Amino acid sequence: MSIYDTLNEQQKKGVFTTNGPVLILAGAGSGKTRVLTHRIAYLIEHAGVSPWNILAITFTNKAAGEMRSRVDNLVGFGSESIWVATFHSTCVRILRRYIDRLGYDTNFTIYDTDDSKNVMKEVCKKLEIDTKSLKERTILSAISSAKDELISPAEYERPAYGDYMKQRIAKAYVEYQTLLKKNNALDFDDIIVKTVELFKNNPDVLESYQDRFKYIMVDEYQDTNTAQFELIRLLAAKNRNLCVVGDDDQSIYKFRGANIRNILDFETVYPEASVIKLEQNYRSTQNILDAANAVIKNNKGRKDKALWTDAGAGNMVHFRNFEHAREEADYIAGDIRKKKRELISDYKDCAVLYRTNAQSRLLEESFIGLNIPYNVVGGVNFYARREIKDILAYLKTIDNGRDDLAVRRIINVPKRGIGAASINRVQEYADRNGISFYEALGQTDSIPSLAGGKAAKKLKDFVLMIRSFRTKLEFGTLEELITDVIETTSYVKELEAADEEDANDRIENIDELITKVVSFEQEKEETGEKATLSGFLEEVALVADIDGVSGDDNKVLLMTLHSAKGLEFSHVYLSGLEDGVFPSYMTINSDDPSGLEEERRLAYVGITRAKEDLTITYAKQRMIRGETQYNPVSRFVREIPEELLDNKPTSGYSMSGAGNWGAAAEYLDSYKLNKNEKSSGMTASKPKAVARKKETPSGNKPYISRSLDSLTKGMPASLEAPEYGKGDRVRHIKFGIGTVLNIEKDTRDYKITVDFDEYGNKIMYAAFAKLKKV
DNA sequence: CGTACTAGTCTTTTT
DNA sequence: GACTAGTACG
């Protein structure tokens with residue numbers, strides 16, 4: 001009995017068709033990862049292919065990691081030489097070797113969206129673009145779309161002739177790229193674009209990779225954009241052993257440039273391609289599949305597919321109506337608790353999906369209320385937090401002094417008395433001499449307006465500090481470096497002293513960052529690689545929200561429908577099924593029906609996540625961005641045959657029950673195209689909002705979209721009286737021994753003033769100072 | 001130079 | 001409702 005015996009006929013065909021282009025159309029839950037991993041095993045063990053010659057590309061690190069471990073289990077020997085990676089990390093690895101051919105340094109930095117926005121701000125200032133009428137984000141997304149389509153600044157400029165707006169964007173595009181290059185930085189899109197550029201301009205480099213990657217596999221092919229398509233096309237051009245796996249019905253990243261034509265036209269580009277359809281679903285019950293099929297069949301221009309299953313009909317799809325989104329959240333939390341109590345399911349078998357991240361808030365409140373453990377995937381990215389970005393900016397500065405953005409971010413963080421005036425003088429000097437900001441910092445003596453002054457001394461100190469960090473980096477570990485940065489800059493100390501409400505959270509985040517550095521080093525040590533600073537920064541830049549999720553914790557998962565793609569759960573809750581929320585307001589009002597089709601595919605993805613039990617919920621009334629909206633039941637629910645549902649949706653658009661004019665008026669308002677016309681009467685006034693914020697004790701504040709494991713950690717600050725009193729000698733983990741000068745009861749905690757023997761007076765909160773009486 | 005407050009914006013989805 | 005950038009002030 002071989003490992004291939006458990007595959008069905010179609011899956012076998014996918015595994016055994018090893019040569020030439022192969023398109024595998026894999027419906028939801030049809031075992032595509034199994035096919036991919038078995039195919040890799042087959043290539044190595046039966047087709048005589050060296051693991052070294054295999055490339056498998058995915059979209060997320062999580063998917064890559066899963067594929068890697070599943071292949072490890074199948075293949076006895078040599079699986080570590082298979083290149084399994086995401087598009088972005090693959091390209092970064094190639095660029096780290098060859099990007100000097102494009103005039104960048106190989107230790108380039110990767111900019112996230114935040115960084116890009118800061119660059120664009122500079123661009124706009126320089127080009128005197130009025131950011132009121134043309135927003136940075138608008139320009140950036142235009143540039144991003146251009147890059148997705150491999151349109152260079154020069155190419156963008158040509159057809160822009162005559163269109164003033166486009167001309168401005170074209171100018172900004174040129175300037176933006178110049179600035180990025182000056183900073184030796186790439187944005188997300190550049191990572192792909194520059195690799196394609198590298199291959200096109202350097203046939204020798206391309207050929208070396210073509211010879212290496214004789215067999216290429218691409219997962220989630222329906223989500224590739226034109227740049228990614230081109231990258232793959234180039235790599236596969238010589239050997240043409242390209243196997244792509246995807247499902248056009250699950251293409252949900254058009255907004256990110258995904259081109260559904262890549263999968264629909266595969267056979268046109270590769271006429272000799274074998275096409276294999278996987279239609280047997282191993283995940284869901286028939287009722288769930290029927291619901292999914294009923295929804296998706298309303299889309300036009302899709303490849304014909306008919307999913308079927310051996311599993312029985314199963315439960316009916318549950319549908320629940322609610323007056324208010326709060327009731328919806330309470331119901332979901334309560335239902336999960338009930339299932340847990342009745343041993344129908346455990347927490348980790350349940351997932352709650354929603355269209356927008358903001359919807360997680362109410363759900364979190366309900367989960368906290370019922371003491372149900374949960375994780376929120378996504379929301380505010382861990383690496384986007386201020387304190388994390390600050391520390392990373394130090395590391396970036398140490399790694400790549402040409403990254404002006406990073407240097408300027410931290411030059412006065414924590415405060416060291418370097419103000420805007422000094423910074424501007426340095427910048428002017430740098431611009432005039434065509435050098436980087438950091439380089440200019442080392443030449444303060446040549447800057448007349450600064451030389452000899454107080455500021456010059458501070459700037460010099462900064463440069464000296466960075467230099468000493470660099471020495472540290474040469475001789476020590478990354479862990480030593482990061483702790484040294486935090487110590488030397490007194491970053492954590494300043495946070496503690498700043499007496500901010502969320503200082504505790506921030507310090508925890510920094511600790512978590514240190515943990516990540518440590519585990520990065522351990523990981524590298526295990527694989528025998530060198531743990532470089534660039535390597536760490538790169539890994540950090542390329543993580544996706546979903547990457548950190550593991551099924552190990554027994555917690556309910558809350559996430560957007562987008563994040564849920566590729567996952568499966570026994571019990572799935574699809575919340576907020578309202579026209580205006582899902583499908584979103586934007587797509588309903590658009591003339592272009594393709595947006596609505598994409599939303600429908602998203603609904604299809606959501607429904608097919610469920611293995612045995614699917615609950616769909618609707619709330620008539622919901623607060624969105626501070627405004628109450630009244631929405632009808634989602635059209636997607638109405639596309640599901642009523643006999644599959646255990647409750648009938650309230651009929652269409654009727655407003656039964658909402659018998660008041662204000663509500664009706666607002667309902668209409670929410671359908672107006674121009675948001676600015678909305679009545680102001682219903683909107684909460686600003687002062688009120690501020691006042692409320694102050695009343696709310698921080699301890700009761702729901703923990704919103706925080707990094708995954710910090711969610712469960714001690715939320716309210718302890719209000720127990722400290723074990724020490726005035727005059728006692730105490731020990732602090734960082735500041736050592738000191739004398740307590742004062743203890744003051746604050747609204748939420750005890751404020752302790754300590755005179756440390758070595759560090760002097762510090763004011764800190766008892767809850768996180770963790771002082772010990774000595 | 002640093003702060004405290006205000007006004008405006010926002011998100012639909014993310015590598 | 002939450003966040004942020006910008007500004008007026010000390």
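It should be emphasised that the depicted structure is a prediction, and the values quoted were computed from it without experimental measurement. The chains referred to below are lettered A, B, ... by the order of the sequence lines, with proteins before strands, and numbering in each begins at 1.
The side-chain tip of Arg416(A) does not point at the ring of Phe462(A) from less than 6.0 angstrom away and within 45° of straight on. Both tests pass for Lys516(A) against the ring of Phe382(A): distance under 6.0 Å to the centre and angle within 45° of the axis. Geometric assessment of Arg635(A) against the ring of Phe582(A) yields a negative cation-pi assignment under the 6.0 Å and 45° thresholds.
Within 4.0 Å (heavy atoms only), Ala358(A) reaches no atom of the nucleic acid at all. Among the protein residues, Phe59(A) comes within range of the sugar-phosphate backbone only, with heavy atoms under 4.0 Å from sugar or phosphate atoms but none that close to a base. Counting any heavy atom pair closer than 4.0 Å across all strands shown, Asn412(A) reaches sugar-phosphate atoms only and no base atom. Residue Glu599(A) is classed as a base contact, given a heavy-atom separation below 4.0 Å to a base.
Distance check on atom C1': dA5(C) versus dT12(B) gives 23 Å, rounded to whole Å.
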Does the side chain to side chain donor-acceptor pair (under 3.5 Å) test come out yes or no for Asp187(A) and Tyr176(A), once each step is laid out? CA-CA 10 Å; Asp187(A) 67 14; Tyr176(A) 174 75; 2.8 Å; yes
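Remark: C1' of dT4(C) and CZ of Arg409(A) are 13 Å apart, rounded to the nearest angstrom. If you take CD of Gln629(A) and C1' of dT12(B), they are 13 Å apart, rounded to a whole angstrom. Atom OH of Tyr383(A) is separated from atom P of dT14(B) by 18 Å (rounded to the nearest Å). To the nearest angstrom, P of dC1(B) lies 9 Å from CD1 of Ile418(A). Atom P of nucleotide dT13(B) and atom CG of Leu602(A) are separated by 11 Å, given to the nearest angstrom. We find that NZ of Lys132(A) is positioned 8 Å from P of dG6(C), with the value rounded to whole Å. For the pair Ile411(A) CD1 and dC1(B) C1', the interatomic distance rounds to 15 Å; values are reported in whole Å. Look at CG on Leu353(A): it is 19 Å from P on dT12(B), rounded to the nearest Å.
Panel note: side chain Asn589(A), backbone Met586(A); no donor-acceptor pair is recorded below 3.5 Å. A distance-only check finds no donor-acceptor pair linking the side chain of Glu122(A) to the backbone of Val119(A) [under 3.5 Å].
Under the stacking criterion of a centre-to-centre distance below 5.5 angstrom and an interplanar angle below 30°, Phe255(A) is not stacked against the six-membered ring of dT12(B).
Looking at the side chain of Arg361(A), the nearest of the listed nucleotides dT13(B), dG1(C), dT15(B) is dG1(C). Proximity note for Arg137(A) (side chain, C-beta onward) versus dT15(B), dC10(B), dT13(B): the nearest is dC10(B). Residue Arg625(A) places its side chain closer to dC10(B) than to any other of dT14(B), dC10(B), dA2(C). In this structure, of dT15(B), dA5(C), dT13(B), it is dA5(C) that holds the atom nearest to the side chain of Lys121(A). With distances taken from any side-chain atom of Asn357(A) to the nucleotides dT12(B), dT15(B), dT14(B), the minimum falls on dT14(B).
Under 4.0 angstrom from either OP1 or OP2 of dT12(B) there lies no side-chain N or O belonging to Thr560(A). Residue Ser422(A) has a polar side-chain atom (N or O) positioned under 4.0 Å from OP1 or OP2 of dC1(B). Residue Ser563(A) places at least one side-chain N or O closer than 4.0 Å to OP1 or OP2 of dT14(B). An OP1 or OP2 oxygen of dT3(B) is reached within less than 4.0 angstrom by a side-chain nitrogen or oxygen of Lys415(A).
With the nearest nucleotide of DNA chain B identified for both Leu542(A) and Thr356(A), Thr356(A) has the one nearer the 5' end. Mapped onto DNA chain B by nearest heavy atom, Ala421(A) and Ile624(A) fall at different nucleotides, with Ala421(A) at the one closer to the 5' end.
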